[in-house]
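For reference, the structure discussed in these notes is given below.
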Amino acid sequence: MAKLKEIICIPVGTFQANCYLIKQEGHVLIIDPGARAIKIMEYICDEIVDGIILTHGHFDHIGAVDEIMKATGCKCYLHRNDQEIVKNKNLNSMNGISAKIYHEVFDLHEGINQIGIFSLEVFNTPGHTPGSCLIKIDNDLFSGDVLFYMSIGRVDLPLGSEREMRDSLRFIKTLDPSLTVYPGHGQSTTLEFELNQNPWL
Ligand SMILES: [Zn+2]
Ligand SMILES: [Zn+2]
């Protein structure tokens, strides 16, 4: 029998960053809780929170991390190359808004990460930030601020790199086109559509 999985998208904060809840078999994984911890937690019924996964360290994706960790006791995971960003407000602020994570953040490493019942395949795709990752769960790809519907993430922010983004986009073209893409902002899409229509790919 196929495993029933539900993906809930909750846009939060000034920049409407997409927080995703992935629910399966009474467990939930939270991706990028950027703001509005209470609103996000209202979507969690009696599921066990297996963890918080961050696609990268910018303030608009991390603002509710401490509050949710405190409320649920779960752990938070982020690629090591963005650890500095979440501990230093100067590196993740925009228009005077910033955020910081005070709890310990664990390493999300490249390859397979088993977090609770969820098996995540992680690809480090720098350019927007050094530790930006694509997170693949089954046939779904959470693309953070690397790839958007018909667009890509900025490379002009602190620690951004146009050259690295070019390499990351080249890598994205090697992934399975049938993947459904859930970006850090805006609507979901498919990799096949982006490969055909996104001017940056
Ligand atoms: Zn970002
Ligand atoms: Zn963002």
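Whatever order the structure lists ligands and atoms in, that order sets their numbers, starting from 1.
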Ring centres under 6.0 angstrom apart (His185, Phe15)
no
Sort and list the pairs that fulfil side-chain hydrogen bond (donor to acceptor under 3.5 Å, both in side chains) and have at least one residue in residues 154-163, not counting sequence neighbours.
Arg154-Asp156
Leu141 and side chain to side chain contact (heavy atoms under 4.5 Å, CB included): which single residue from Val146, Ile135, Leu179, Thr190 fits?
Leu179
Quick one, Cys133 and Asn124 - any side-chain contact, counting heavy atoms below 4.5 Å?
yes
Aromatic centroids of His58 and His128 separated by under 6.0 Å
yes
Considering only NZ, NE, NH1 and NH2 on the basic side and carboxylate oxygens on the acidic side, decide whether Asp66 and Lys100 come within less than 4.0 Å.
no
For the Zn ion (ligand 2), every protein N/O/S atom that sits closer than 2.8 Å, waters excluded:
Asp60 OD2, His61 NE2, Asp145 OD2, His185 NE2
